[in-house]
Amino acid sequence: MNDVRDQYEAFPYPARDPKDEAKRLIKGSPSLPVEMDHCLWNGQRDWSQTLRVLVAGGGTGDGLVQLAQLLHAAGKPYQITYLDLSSASRKIAEARIKMRGLPNVQFETGSLLNAAAFGPFDYIDCCGVLHHLPDPEAGLAALHNALTPGGGLGFMVYAPYGRSGVYPLQAAFNRLYGHLPPKSQLKHAKATFAKLPAAHPLNRNPNLGDHKQSEAGFYDLLVHSQDRAFTVRAWADALTATGWKLASFAQPGRYDLAQFADVPADMDALTQMATAEKLRGTIKTHVGYARRKGDPPPAELNMMARIPHLNGADVQKMAQAVAAKNLPKLRVGAEEIDVTIPPKAAGLLAAVDGKTTVNDVIAAAKQTPQEGLRLWQKLEAALMPWGLLHYSGFLR
Ligand SMILES: C[S@@+](CC[C@H](N)C(=O)[O-])C[C@H]1O[C@@H](n2cnc3c(N)ncnc32)[C@H](O)[C@@H]1O
């Protein structure tokens, strides 16, 4: 663990300048409140209740800042605890929260293996951390102990196939330079990297770019001393072994075998996802949500009563493109995905504002309930697999 702490003391990750908080908010999965609600609580969380959050391995604060900012802006009560081994990372995260003037955030320096001592929590963000633990399952178990019944985990862990080229380089750099202090490791690894052939799998891998962004990114991707990638099966097994159950991936479409082949009738859901992961070949991280294995799944809500949100899209622009039948391909990592939405659904899209139910969206688009619902289901089938459509009462 000391090597890992030394790395993040020398290279807080990701590289961030607190001054940039004045210009932009970095958003991403997991830990978008609407996405959390959709994936964990079927869009039915009572947001008038204080959300107690742990950001476990919070780094320089991307997940922390996103959550605190979105909850604060929406006027929802929250209490967030940030926890990380690295005090250099904490300093940056603290400065970012201060720049934004966000209240109700507590900072702790320590290991997530002691998470329960700071809890309990309704939601835990653990993004890009567990694969750096010597025993990721011990980390998962510790987080499970810190969670209240009915709570949820938002995770990101590394996946192998989209990271082709990374692990042989990590092994070589660790063998050659692992005995040096982090800054010298970086210097030597960069010099060696510059001599690799253009045809090296890493140089040919369009899924990865972190090593080109910053020194911290280069170190994190290629010089890490403790880094394990999980296949979807290995990740599901690790969750199950530690009392968790996968609720949903943020982009379940990436694991949909039907996109590639006829699905054998007797193939279970996990084997389908594992086979799709091998066929797709581009998945470099698994991003999603898990709940406690023993918790009952949240109740179903009638479709007409659900409140839809479009994630990150300019709704009016998208509606115009759908009406004109020129919706551009979706960008999912390094892939481009075709989605088909009937032009007649454009009016429905235009009425989505995060506060209006499907019933009222259909009425606003001047569709009959029957035809409106038929079109809505097509729209949902096109967008939900890619994490572009969620249901949540967050903004009500
Ligand atoms: C790759 S960074 C991810 C940071 C942040 N979650 C994000 O997604 O931007 C990993 C972070 O996990 C922290 N970390 C690693 N092992 C930890 C542990 N056992 N307990 C707490 N933090 C840990 C590191 O110090 C580092 O800041």
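Excluded from the calculations below are hydrogen atoms, water molecules and symmetry mates; all remaining heavy atoms, backbone and side chain alike, are included. We count ligands from 1, going down the list as the structure has it; atoms in each ligand are counted the same way. Quick note: residue numbers are just sequence positions, from 1.
Looking at L83 next to ligand 1, no N or O pair under 3.5 Å apart turns up. By the 3.5 Å distance cut-off applied to N or O atoms, L112 is counted among the residues near ligand 1.
The option from V55, L113, T60, V129 that lies nearest to atom 12 (O) of ligand 1, judged by heavy atoms, is V129. Heavy-atom proximity to atom 2 (S) of ligand 1, evaluated over Y82, F11, Y13, is greatest for Y13. One option in D135, D84, L64, L133 has a heavy atom closer to atom 25 (O) of ligand 1 than any other, and that option is D84.
Between the side chains of Q44 and D37, no donor-acceptor pair of N or O atoms lies under 3.5 Å. Side-chain polar atoms of R163 and N205 form no donor-acceptor pair below 3.5 angstrom. In this structure, a donor-acceptor pair under 3.5 Å is present between the side chains of S31 and D125.
For G58, the closest heavy-atom approach to ligand 1 falls below 4.0 Å.
Atom CG of L133 sits about 11.5 Å away from atom CD of E137, to the nearest 0.5 Å.
At a threshold of 4.0 Å, the pair K344-E371 counts as salt-bridged, since one of the basic side-chain nitrogens sits closer than that to a carboxylate oxygen.
Within the listing of ligand 1, atoms 9 (O) sit less than 4.0 angstrom from a heavy atom of P14. The contact set between ligand 1 and D220, taken as ligand atoms under 4.0 Å from a residue heavy atom, comprises 1 (C). Atoms of ligand 1 lying under 4.0 Å from at least one heavy atom of G59, given by number and element, are 4 (C), 27 (O). For ligand 1, the atoms closer than 4.0 angstrom to any heavy atom of G110 are 20 (N), 21 (C). Atom numbering of ligand 1 starts at 1 in the shown order; those under 4.0 Å from a heavy atom of C127 are 3 (C), 5 (C), 6 (N), 7 (C), 8 (O).
Checking each of D62, D20, D17 against R96 for a salt bridge (Lys or Arg N to Asp or Glu O under 4.0 Å) leaves exactly one that passes, namely D62.
Between H211 and Y219, the ring centre distance reaches or exceeds 6.0 Å.
Side-chain atoms of E277 never come within 3.5 Å of backbone atoms of I283 as a donor-acceptor pair (strictly under, hydrogens ignored).
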